[in-house]
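Atoms within a ligand are numbered from 1 in the order they appear, just like the ligands themselves. Excluded from the calculations below are hydrogen atoms, water molecules and symmetry mates; all remaining heavy atoms, backbone and side chain alike, are included. Given the structure is predicted, the values throughout are model-derived calculations rather than measurements.
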Amino acid sequence: MSSLTQPTRTRLANPLASTPDLTGRRAVVTGGSSGLGLVTTRALLRRGAEVVIGARDTSRAEDARDRLVAELNLPAGRVTVARLDLIDPHSVREFAKTVGDAALDLLVLNAGISSVPLRHDHAGIESQFATNHLGHFALTGHLLPALDGGTASRIVTVSSSLYTGGKLDLDDLSDSATYSPGRAYSRSKLANVIFAVELQRRLAAQGSTTRSFAAHPGMARTPLHATYPSATTRVLTSAVARVIGRDPEPADIGVLTAALNPEATPALFWGPVGSKTAPDALGLPFAAAASNSAPAAALWSKSEQLSDIRILS
Ligand SMILES: NC(=O)c1ccc[n+]([C@@H]2O[C@H](COP(=O)([O-])OP(=O)(O)OC[C@H]3O[C@@H](n4cnc5c(N)ncnc54)[C@H](OP(=O)(O)O)[C@@H]3O)[C@@H](O)[C@H]2O)c1
């Protein structure tokens with residue numbers, strides 16, 4: 001627990017200045033072919049890593065891969081695409097098999113959907129919770145042995161500052177009676193942060209060298225905001241993103257800090273601060289809702305039950 005005691009707000013200027021060379025290191029980025037995930041993938045490739053992108057839309061992801069190969073003049077195989085649909089447990093298992101057992105140094109749980117119309121997974125769970133949290137929970141479980149073989153391996157869960165407004169009502173995850181797209185998104189992002197903090201606690205308790213971080217991009221100008229069911233929300237959010245949002249590259253600084261910066265601690269929630277084009281990274285202590293052990297234990301056992309996989313318990 002020592003890494004989680006008394007964390008204090010920390011601002012890192014130029015946080016990627018002394019990031020390690022990643023030659024020979026292997027990374028997985030879910031949703032790594034668009035928005036923030038694409039920026040993460042590019043940054044890892046630039047430093048020499050081998051990257052596996054998980055995506056539903058594999059032909060769009062293959063186009064993104066081909067553009068990266070041309071842009072960075074990469075040898076064949078440095079960046080690959082494998083199909084991953086986080087809402088489908090079979091797809092998550094198959095993706096993990098494709099990643100394989102070889103040492104894995106970094107897992108970036110980036111993929112996500114936001115404020116979409118009501119849909120359910122095979123078990124009747126609301127789709128944002130199922131995709132953003134449950135799919136990543138199961139994927140992490142499948143990939144922990146490979147991460148265990150990695151060098152100072154890290155897992156970075158991409159959440160949102162909106163997690164502080166989330167309510168973890170585990171007794172009704174179908175939302176059939178009262179669905180609010182925005183509330184369901186905040187709940188899924190709260191689950192992301194609780195998961196990241198609890199995973200770090202469990203890894204440390206078992207003496208693992210793998211560490212779990214949580215990060216967020218602030219508001220970023222990505223395709224994520226185009227799916228809101230309400231046209232008014234779409235228009236308003238686009239206007240807000242134009243005024244206060246960042247382009248994906250600067251917005252990704254918190255994620256990359258959590259993934260790569262040797263000084264970053266998992267005890268803080270990493271995001272961008274300051275300049276819109278060249279922000280610093282800010283690590284903030286987690287809100288009580290994310291660090292209390294009772295909701296974390298409840299989320300963990302519910303997630304194990306729903307995804308039929310036991311992780312570090
Ligand atoms: N943009 C923001 O302002 C903002 C703010 C706070 C947090 N975030 C978080 O940042 C992360 C990245 O979002 P973004 O803004 O970069 O949006 P984005 O460009 O829409 O990227 C989302 C990615 O997730 C993938 N994805 C969606 N559903 C999936 C599924 N079922 N299985 C596998 N992959 C799936 C998508 O690829 P496919 O469609 O090919 O699967 C896409 O590559 C998300 O976790 C989001 O919650 C974003």
Minimum-distance protein heavy atom relative to [atom]:
| atom | answer |
| --- | --- |
| atom 36 (C) of ligand 1 | Arg60 NH2, 4.0 Å |
| atom 4 (C) of ligand 1 | Pro217 CG, 3.6 Å |
| atom 40 (O) of ligand 1 | Asp57 N, 2.9 Å |
| atom 35 (C) of ligand 1 | Ala111 CB, 3.7 Å |
| atom 44 (C) of ligand 1 | Asn110 O, 3.1 Å |
| atom 33 (C) of ligand 1 | Leu84 O, 3.1 Å |
| atom 10 (O) of ligand 1 | Leu36 CD1, 3.4 Å |
| atom 46 (C) of ligand 1 | Tyr185 OH, 3.6 Å |

Are Asn192 and Thr157 close enough, and set up right, to give a side chain to side chain donor-acceptor pair (under 3.5 Å), and what steps lead you there?
CA-CA 7 Å; Asn192 279 161; Thr157 303; over 6 Å; no
Taking distance alone, with no angle check, do [X] and ligand 1 share an N/O pair under 3.5 Å?
| X | result |
| --- | --- |
| Ser33 | no |
| Gly112 | yes |
| Lys189 | yes |

Under 4.0 Å, counting heavy atoms only: does [X] come that close to any atom of ligand 1?
| X | result |
| --- | --- |
| Gly218 | yes |
| Met219 | yes |
| Gly54 | no |

Quick one, Thr151 and Arg25 - any side-chain contact, counting heavy atoms below 4.5 Å?
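Contact flag for Thr151/Arg25 side chains = yes.
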So, do Ser127 and Asp121 sit near enough that their side-chain heavy atoms are less than 4.5 Å apart?
no
Output the rest of the hydrophobic cluster of Tyr185: all Ile, Leu, Val, Met, Phe, Trp and Tyr residues reachable through side-chain heavy-atom contacts under 4.5 Å, sorted by chain and number.
Leu162, Leu224
Check whether Asn292 reaches the backbone of Ala294 with its side chain - one donor and one acceptor, N or O, closer than 3.5 Å.
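Side chain of Asn292 to backbone of Ala294: no pair is present.
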Under 4.0 Å from ligand 1, counting heavy atoms only, is it the side chain of Ser159, its backbone, both or neither?
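Contact part for Ser159 vs ligand 1: backbone (N, CA, C, O).
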Taking 4.0 Å as the limit for heavy-atom contacts, which would you say applies to His216 with ligand 1: side chain only, backbone only, both, or neither?
neither
Greater than 12 external heavy atoms within 6.0 Å of [X]'s [atom1]:
| X | atom1 | value |
| --- | --- | --- |
| Glu71 | CD | yes |
| Asp63 | CG | yes |
| Glu249 | CD | no |
| Asp171 | CG | no |
| Asp308 | CG | no |

Do the ring planes of Phe137 and Trp300 sit parallel (below 30°), tilted (30 to 60°) or perpendicular (above 60°)?
perpendicular
Of all the atoms in ligand 1, which lie at a distance below 4.0 Å from a heavy atom belonging to [X]?
| X | value |
| --- | --- |
| Gly31 | 23 (C), 24 (O), 25 (C), 43 (O) |
| Gly35 | 16 (O), 19 (O) |
| Thr131 | 30 (C), 31 (N) |
| Ile113 | 27 (C), 28 (N) |
| Ala55 | 40 (O), 41 (O) |

[atom]: which of [options] has the nearest heavy atom?
| atom | options | result |
| --- | --- | --- |
| atom 48 (C) of ligand 1 | Leu224, Thr41, Thr237 | Leu224 |
| atom 15 (O) of ligand 1 | Thr222, Ile53, Val158, Leu162 | Thr222 |
| atom 32 (N) of ligand 1 | Thr58, Leu109, Leu86 | Leu86 |

Nearest 0.5 Å, what's the CG-OG1 distance between Leu12 and Thr257?
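Here the interatomic distance stands at 6.5 Å.
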Any Lys/Arg nitrogen of Asp247 or Arg221 sitting under 4.0 Å from an Asp/Glu carboxylate oxygen of the other?
yes
Of Ser307, Ser303, Ser188, which meets side-chain hydrogen bond (donor to acceptor under 3.5 Å, both in side chains) against His133?
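Looking at Ser307, Ser303, Ser188, the match for His133 under the side-chain hydrogen bond (donor to acceptor under 3.5 Å, both in side chains) is Ser303.
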